[in-house]
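Remember, predicted model here, so these are calculated numbers, not experimental data. Every chain is numbered from 1, with letters handed out A, B, ... down the list of sequences. No hydrogens, no waters, no symmetry mates; every other heavy atom, side chains included, goes into these values.
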There are 2 protein chains.
Amino acid sequence: MSGLRERKKVKTRESILREAFRLFRERGYSATTIEQIAEAAEVSRATFFRYFPTKEDLVTLDHFPPLIEALKAQPPAAAPVSALRGAFRTAFAGLSAEEIAAGHAREVFAATVPELVAANLRKSPGLIRQVGEILAARAGCRPDDPRIRNVVGAVLGVVAMTWMRWAQDPAMDGPAEIDRSLAHLESGLNL
Amino acid sequence: MSGLRERKKVKTRESILREAFRLFRERGYSATTIEQIAEAAEVSRATFFRYFPTKEDLVTLDHFPPLIEALKAQPPAAAPVSALRGAFRTAFAGLSAEEIAAGHAREVFAATVPELVAANLRKSPGLIRQVGEILAARAGCRPDDPRIRNVVGAVLGVVAMTWMRWAQDPAMDGPAEIDRSLAHLESGLNL
DNA sequence: TCTCTTATGAGACTGCAGTATCATTTGTGC
DNA sequence: GCACAAATGATACTGCAGTCTCATAAGAGA
């Protein structure tokens, strides 16, 4: 079934993505017009919209790494921060180096440009709540307990900051650094 | 000097803000056009743009509470998280209850709608860096030290989460709750 | 090769944000 | 009341995202 048609579509899609990200890097997200992307990808504007309904769709994360499942599988005795740290570690371990590298540019980008942060926030309204609910169930308290919120906030804040460092230094070992940062948080953020 | 002109300008500005937020609540931020806001505020489109250069300016925080100054004034011996906690406390203490209440709706709104989160992120690229630099100077390490980033990330994450709780429950004492959350972070996030 | 289906390109069109110009109104100082 | 400066309104304009229509090109299957 892998006819010429399908292969061409894949190539076109990849070409659009590649050129779009190149332009984004060169001149920024909002300064890059769809017309420029289409031209660089040697495709008409209309075709661009057939592949990506909106500009945002170029950069939004289709799905987060299976963080939720990994979190559920953590040992019940672990403290909340430890459990989340373990979940991140497990989630990343389930990805091949290629997958991490492939998704890195795109996700890092999405985490760096404000417009895209918003786009992703809009697409994942449940993630924060979901993490909070699991932690609350583990700890035997209500999901809206301030302490649960604090843990989620602190962990996500630390991860976000590390993610941004990763964005600026692609040579960095992102997963390892995230783990190290969470260990730092776990041990009280002392210097 | 408080002539009629000045008072009219203040009234116009308030009218635009009030009608804009009413419409935002009714039909959402991006679904509200500037033309609608201008009409509701009984003002021409041109005048709207004279008061607010962009739509985003309606909702972005003009300036954070004088957090930076408060942070610089913290006792040098305090640990980073403690210093930030103290800075938040001082910054809020410098505001009257009216100022807090007045800014609350607007800021809460800005913290809730994804587009506006992005707008605020774009406007405060320096805040995070600035806080990091001060903390680094206090601790005698480099501003890009991962530990500094972790502290900033964790604190901002905790504050952001508390801020969202505040958004859902306006009766909450926001500043006090932020202080409590930071105390929780300070003491290791244990349950 | 011939037909059918599907992807593409071209171009016009809408809606909205933001800019620019210029005439008109409306406070302000005298 | 008068002359000046400032705020406003009307209007036309640009630029870009996203939609729509229709003609053409190109792969699929016979």
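In this structure A:Arg147 satisfies the side chain to side chain donor-acceptor pair (under 3.5 Å) test together with A:Asp145, sequence neighbours excluded. Qualifying side chain to side chain donor-acceptor pair (under 3.5 Å) partners for A:Glu19, counting only residues two or more places apart in sequence or in other chains: A:Arg22. Every residue two or more places apart in sequence or in another chain that forms a side-chain contact (heavy atoms from CB on, under 4.5 Å) with A:Ala20 is listed here: A:Phe24, A:Ile37, A:Leu58. Taking the side chain to side chain donor-acceptor pair (under 3.5 Å) definition, one finds that A:Asp144 meets it with A:Arg142, sequence neighbours left out.
Residue contacts for A:Thr32: at a heavy-atom cut-off of 4.0 Å it reaches the sugar-phosphate backbone alone, with no base atom in range.
Protein atom CD of B:Glu39 is 15 Å distant from nucleotide atom C1' of C:dC16, rounded to whole Å. Atom-to-atom, CZ of B:Arg7 to P of D:dA7 comes out at 15 Å; the value is rounded to the nearest Å. What separates CZ of A:Phe52 from C1' of D:dT19 is a distance of 19 Å, to the nearest Å. One atom, NZ of B:Lys55, and another, C1' of C:dA17, lie 8 Å apart when rounded to the nearest Å. For A:Glu35 and D:dT14, the CD to C1' distance is 14 Å, given to the nearest whole Å. In this structure, the CZ atom of B:Phe49 is 13 Å from the C1' atom of D:dT14, given to the nearest Å. Atom CD of B:Glu6 and atom C1' of C:dG29 are 15 Å apart (whole Å). Put simply, CD on B:Glu56 is 18 Å from P on C:dC16, counting in whole angstrom units.
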task: Between protein and nucleotides 6-11 of chain C, map the contacts as a letter string: B base, S sugar-phosphate only, - none, heavy atoms under 4.0 Å, written 5' to 3'.
output: BSBBB-

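For the pair B:Lys55 and B:Tyr29, the cation-pi criterion (under 6.0 Å, within 45° of the ring axis) is fulfilled.
Judged as a salt bridge (Lys or Arg N to Asp or Glu O under 4.0 Å), not a single pair has a partner in residues 30-50 of chain A (not counting sequence neighbours).
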